[in-house]
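These notes concern the structure reproduced below.
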There are 2 protein chains.
Amino acid sequence: MSDTSRVGGRQPSDWIESFAARFEAQEGMPLIAGRILAFLLICDPVERTAAELGAALSASSGSISTNVRLLLARGLISKTTRRGREAAVYQVREDAWANVMLRRLESVAEVSELTTGGLRMLSGQGDRADRIREVDQFYSWLSGELSQLRGRWEAHSSRRR
Amino acid sequence: MSDTSRVGGRQPSDWIESFAARFEAQEGMPLIAGRILAFLLICDPVERTAAELGAALSASSGSISTNVRLLLARGLISKTTRRGREAAVYQVREDAWANVMLRRLESVAEVSELTTGGLRMLSGQGDRADRIREVDQFYSWLSGELSQLRGRWEAHSSRRR
DNA sequence: CCCTAGCTTCAGTGAGTACTGAAGCCACGA
DNA sequence: TCGTGGCTTCAGTACTCACTGAAGCTAGGG
């Protein structure tokens with residue numbers, strides 16, 4: 001199949017590995033989940049069955065099952081079932097990507113709940129709270145900024161269509 | 001010492017554990033690194049030796065050594081050496097926090113390098129590149145937004161002093 | 001009501017890693 | 001040059017977790 005052949009001077013299989021490695025480092029995703037995601041981003045046709053994924057990525061059925069569920073849970077791929085005993089097919093939800101990643105970014109700012117809690121814990125302790133107040137101010141600001149991001153993305157992407 | 005006693009109706013030791021758990025989940029930091037960070041945020045006095053950290057957090061000297069190096073490498077704490085055979089002391093760099101976290105956020109947008117590479121790989125393949133193009137547009141936009149964040153934080157924080 | 005394709009579950013395996021504690025390594029002071 | 005305090009290194013241990021492959025489950029077709 002053309003998915004693993006050379007295209008445009010670069011091996012898709014290498015690209016898939018890089019993509020998987022990045023998502024392992026950044027999101028703590030298992031390598032196979034990243035491979036599935038990468039493969040579904042560039043494969044033709046768009047939809048693939050679990051068996052096809054396993055064959056293309058040399059992974060066991062159990063692994064595919066587990067990692068496909070992980071990606072479904074995160075909302076990055078969709079599952080389409082078909083009548084009869086035909087296999088279900090999976091594909092990336094490129095439209096949902098922004099949502100998922102923005103939500104992930106926003107979770108970073110949840111540290112502000114901890115810092116504000118710590119600030120309250122040290123209330124009345126004078127300048128012992130100085131350090132944590134400084135950090136808290138950053139996270140509070142970040143929290144606001146990141147929630148604005150979502151609105152700005154919607155404005156930006158709607159302007160494009 | 002007052003660091004582990006009740007303050008303001010909440011146990012600092014519980015707060016430290018929550019903080020460490022959060023940083024383990026979010027940044028993939030070892031628990032002990034998170035504990036050191038949390039402890040250094042609220043302890044009095046501000047500076048602590050490796051031995052004091054070990055005693056306060058019930059961790060071995062080796063663990064403290066390793067994790068203190070990790071935090072130093074990330075730029076979240078500083079090490080102050082003293083003349084003679086006195087022990088070095090560590091403290092949080094609350095001023096560097098914003099920088100470190102902003103850099104971390106910016107790294108998320110580095111996925112755009114992968115998506116742009118994938119786009120190039122599929123050039124001339126018609127609408128097979130549609131999915132990855134969509135994702136690439138998001139990351140490219142995000143990349144720009146996140147690099148603006150740094151400037152906005154500097155403006156915000158300088159306005160405050 | 002069985003057969004069978006596809007999917008999920010799960011025990012077992014291997015790889016990776018956080019942590020300990022002791023031994024080794026500095027570097028200063030005498 | 002030796003003694004000593006502090007720090008780092010490292011072998012060993014315990015634990016976590018991704019992954020496999022086989023067994024079990026489910027649901028449509030004959």
Side-chain angles (χ1 to χ4, degrees), chain A residues 13 16-40 47-74 76-91, chain B residues 13 16-40 47-74 76-91:
Chain A
S13 57
I16 289 175
E17 278 311 297
S18 310
F19 196 95
R22 171 110 230 149
F23 270 66
E24 182 188 44
Q26 200 159 84
E27 314 274 338
M29 242 182 220
L31 275 175
I32 295 199
R35 291 198 190 106
I36 294 174
L37 205 49
F39 179 74
L40 286 177
E47 294 179 321
R48 289 301 164 104
T49 66
E52 288 168 342
L53 291 174
L57 304 171
S58 315
S60 70
S61 62
S63 254
I64 298 294
S65 175
T66 303
N67 287 281
V68 143
R69 285 159 63 84
L70 187 153
L71 293 172
L72 282 171
R74 295 223 188 176
L76 288 172
I77 67 174
S78 66
K79 174 183 190 171
T80 312
T81 51
R82 302 184 291 194
R83 18 194 4 262
R85 25 181 199 200
E86 287 186 76
V89 288
Y90 302 93
Q91 66 179 86
Chain B
S13 56
I16 289 175
E17 279 310 298
S18 310
F19 196 96
R22 171 110 230 149
F23 271 67
E24 183 188 43
Q26 201 159 84
E27 315 275 338
M29 242 182 219
L31 275 175
I32 295 197
R35 291 196 190 108
I36 294 175
L37 205 50
F39 179 74
L40 286 177
E47 295 178 320
R48 289 300 163 105
T49 66
E52 287 168 342
L53 292 175
L57 304 172
S58 315
S60 70
S61 62
S63 255
I64 298 294
S65 174
T66 303
N67 286 282
V68 143
R69 284 158 64 84
L70 186 153
L71 293 172
L72 282 171
R74 295 224 187 176
L76 288 172
I77 67 174
S78 67
K79 174 182 189 172
T80 313
T81 52
R82 303 185 290 194
R83 18 195 2 263
R85 16 178 207 204
E86 287 184 78
V89 287
Y90 303 93
Q91 62 178 20

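Source: prediction; values computed, not measured. All values below come from the heavy atoms of this structure, side chains included, with hydrogens, waters and symmetry mates left out. Naming convention: chains lettered A, B, ... in sequence-line order (proteins, then strands); numbering from 1 in each chain.
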To the nearest Å, how far apart are [X] [atom1] and [N] [atom2]?
X: A:Phe23; N: D:dA18; atom1: CZ; atom2: P; result: 17 Å
X: A:Ile36; N: D:dA18; atom1: CD1; atom2: P; result: 13 Å
X: A:Leu53; N: D:dT20; atom1: CG; atom2: P; result: 13 Å
X: A:Leu71; N: C:dC7; atom1: CG; atom2: P; result: 16 Å
X: B:Glu86; N: C:dA27; atom1: CD; atom2: P; result: 17 Å

Are any of A:Lys79's side-chain N or O atoms less than 4.0 Å away from OP1 or OP2 of C:dT8? yes
Task: Presence of A:Arg69 side-chain N/O under 4.0 Å of C:dT9 phosphate oxygens OP1/OP2 - done: yes
Please list, chain by chain and in numerical order, all residues satisfying side chain to side chain contact (heavy atoms under 4.5 Å, CB included) with B:Ser63, sequence neighbours excluded.
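Here the qualifying residues are B:Ile32, B:Ala59, B:Ser60, B:Asn67.
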Those residues at least two apart in sequence (or on a different chain) that pass side chain to side chain contact (heavy atoms under 4.5 Å, CB included) with B:Thr81 are B:Lys79, B:Ala88
Could you go over nucleotides 17-22 of chain C and give all protein N or O partners under 3.5 Å, atom names and distances?
from	atom 1	to	atom 2	distance (Å)
C:dT20	OP2	B:Ser60	N	3.1
C:dT20	OP2	B:Ser60	OG	3.0
C:dT20	OP2	B:Ser63	OG	2.8

Point to revise | Of the listed nucleotides D:dC7, D:dT9, C:dT8, the one nearest the side chain of B:Ala87 | key: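 That would be D:dC7.
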Taking side chain to side chain donor-acceptor pair (under 3.5 Å) as the test, write out the residues that go with [X], two or more places apart.
X: A:Glu17; value: A:Arg35
X: B:Arg74; value: none
X: B:Gln26; value: none

| query | Got A:Met29 and A:Leu71 here, is their nearest side-chain heavy-atom distance under 4.5 Å? | reply | yes
- Message: Using a heavy-atom cut-off of 4.0 Å across all strands, would you classify A:Ala88 as base, sugar-phosphate, or nothing?
- Response: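 If one applies the 4.0 Å heavy-atom cut-off, A:Ala88 turns out to touch the sugar-phosphate alone, with no base involved.
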